[in-house]
Structure formats: C-alpha cells, structure tokens
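First comes the structure, then the notes that go with it.
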Amino acid sequence: MAVPALKFLAINPIQRHTATVIFVHGLGDTGHGWWPVAELFKGDPKLQHVKWVLPHSPTRKVTANMGMEMPSWFDIYSFGFNTEEDENGMLESARAINQLIANEIDSGVDASRIVLGGFSQGATMSILTGLTGERKLAGIAALSGWLPLPAKFKSLASSYASSIPVFYGHGSADPLVKLEKCEASAEFLATELKIPRSNNRRVASGLSHVVYQGLTHTTNQEELDDLKEWIISALPPK
C-alpha cells in the first residue's frame, strides 16, 4: 500500500548541493522546530554544500497523551516506554522517510552523502529507518531517542548496519526517555548490531555515544557543537 508523501521544509545549500541532512522532529513538533538549527549549521563554511530536509509528521491520536491528536510519527502507549510499541505506525513512518531518502537520490545525491537524524521520537525513527533500509547512508544522528522494537530489530537490520556511523547523544537528567533506556539502546547497537564504539564523538566512525551531564529532554550548545562537527566529518565538502 502506498504511503502518503510527507510534507517538509527544504533549506537549500549556499554552495553546490553535494550532500543532504534529513532531520526528523519529535512528538508534538513540526519541521519548523529544527529550522533554526539547520540555518545555524548551514552558515558554517564546511557545511555550505548541505541541503536540509525537515519533514512534518502526520497528525494522529497519541494514547499516552489521553488520546489527543498531535503531530506524531507513531502512537505511544506509555511515556514509561515499557510497554508494547506501535510497530505498524513505526514501519509506516519508516517507509515515508525512506521515500524522502529516495527523492534525494533521484535528484543526484548518493546515499553515502545523506545523513538521517532526529530528536526524541524522530531519533527513534532515524535509528529504525537508517539501520533497516536498503541504502547505506553516511550516518545516523539520534538525539534523546531510543532503539525501537528490540525483540525483532536485529532481524530487521540491514546487512551493513554495523558499518553505518551513529551519533547518539542523550541527557543524563532526561525525565522522559530515561538514561537507562538510552544506555540499553547503545549497548544493543554495540553488542547486537556490532557497531564498534568510537572514542571520538566528533568523528563519524562507529558508535559515538555521548551522555551530556545535567541535560534534560532537550539539546544544548555542547551537544549541537558535537553534532555539527560529526556531520562535517560524515559529509565533508567535495
């Protein structure tokens, strides 16, 4: 069944377009929420060749939020994230995000020049989409998210998942996606998917797992600085 095409914001590069970052927002947000970050990064001399694609999720009822309708990539049954997950919603959104990746490839950008990232729910979708898709991307950037569907993720993972660089940032004081959830997700990436841990958070090689002390369910300048340098490493000018 065809998945409806996602609406999105596109921020065109200053120089010739040779790479793309697709960044997926969190629950209740839209692509507009990450527009200021994309504009900030775009101005760096080493990222002026990068196009930014900021998709908007569909609106759906969220069980954990008393059934209220809001922008959401999938239903959330409990904010404790200790229940069954909305597998169908996740896989449907993954197909829609994969279509954005296909659009960039059709425009002439190789998959190896595309980074897929996101925040919270969007980080979870980036992990799922990027590590199970048919294309090997330049990297995955996950901020304040978690690895979904752990009971079957390994069977869903692509044959080259272990060689895709992953930047995984998380706050030590996150009250929503607890640090324990983050640590378990990072351990799964390292042990089950065999993504080697990196000791340099700003180099796109292996798993760059960084915990930011005192950070809640948000981002901060330190994390954004690390992320920017990691993206420069993953998508160098050419």
Side-chain angles (χ1 to χ4, degrees), residues 5-6 8-24 31 34 37-38 41-42 44-55 93-119 122-143 145 147 153-154 156-169 186 189-190 192-210 224 226-238:
L6 294 173
F8 58 88
L9 293 177
I11 301 176
N12 291 319
I14 296 172
Q15 299 178 0
R16 184 173 67 90
H17 177 207
T18 65
T20 297
V21 173
I22 300 171
F23 200 88
V24 186
W34 286 88
V37 173
F41 283 18
K42 171 186 171 181
D44 189 289
K46 295 179 181 177
L47 289 176
Q48 294 185 356
H49 59 290
V50 176
K51 173 186 175 183
W52 289 76
V53 175
L54 308 174
S93 287
R95 289 194 292 272
I97 294 168
N98 264 316
Q99 187 56 54
L100 293 180
I101 295 171
N103 292 347
E104 291 304 300
I105 293 171
D106 289 346
S107 75
V109 178
D110 192 82
S112 66
R113 298 286 292 169
I114 299 173
V115 161
L116 176 61
F119 175 79
T124 296
M125 285 310 311
S126 296
I127 292 171
L128 177 62
T129 307
L131 296 181
T132 67
E134 62 188 50
R135 307 168 184 88
K136 183 179 177 181
L137 304 180
I140 309 298
L143 311 183
L147 181 136
F153 196 99
K154 192 173 180 179
L156 294 172
S158 65
S159 59
Y160 42 74
S162 63
S163 62
I164 298 178
V166 177
F167 178 90
Y168 190 6
L189 293 173
E192 298 295 328
L193 296 190
K194 308 298 183 187
I195 303 176
R197 289 185 181 268
S198 170
N199 57 11
N200 190 332
R201 66 179 67 180
R202 293 188 168 193
V203 173
S205 177
L207 172 61
S208 301
H209 176 215
V210 190
L224 291 177
D226 287 342
L227 175 62
K228 184 174 73 170
E229 294 302 320
W230 184 89
I231 293 174
I232 290 170
S233 173
L235 302 173
K238 59 182 295 187

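Since we're looking at a predicted model, the values are computed, not measured.
- When Leu116, Leu189, Leu137, Leu156 are each tested for a side chain to side chain contact (heavy atoms under 4.5 Å, CB included) with Leu131, only one passes: Leu189.
- Just one of Ser158, Ser112, Ser163, Ser159 meets the side chain to side chain donor-acceptor pair (under 3.5 Å) condition when paired with Lys136; it is Ser163.
- Salt bridge status for Arg113 with Glu104: absent, with no side-chain N to carboxylate O gap under 4.0 Å.
- Side-chain atoms of Asn200 and Ser198 include no donor-acceptor pair closer than 3.5 Å.
- Lys46 places no side-chain N or O within donor-acceptor distance of the main-chain N or O of Ser233, the cut-off being under 3.5 Å.
- Other residues, nucleotides and ligands place no more than 12 heavy atoms under 6.0 Å from the CG atom of Asn199.
- Within the 4.5 Å cutoff, the side chain of Leu147 has heavy atoms near those of the Phe153 side chain.
- Minimum interatomic distance between Thr20 and Leu235 (heavy atoms only, all atoms of both residues): O-CD1, 3.9 Å.
- Relative ring orientation between Trp52 and Phe23 is described as tilted, the plane-to-plane angle lying within the 30° to 60° band.
- Side-chain atoms of Tyr168 do not come within 3.5 Å of backbone N or O of Ile140 as any donor-acceptor pair.
- Closest of all the heavy-atom pairs between Pro55 and Leu100 is CB-CD1, 3.6 Å.
- When only modelled atom types and interatomic distance are considered, Asp44 and Gln48 share no side-chain donor-acceptor pair under 3.5 Å.
- In terms of heavy atoms, Ala94 sits closest to Leu128 at CB-CD2, 4.4 Å.
- Lys42 and Pro13 get closest at one heavy-atom pair: CE-C, 4.5 Å.
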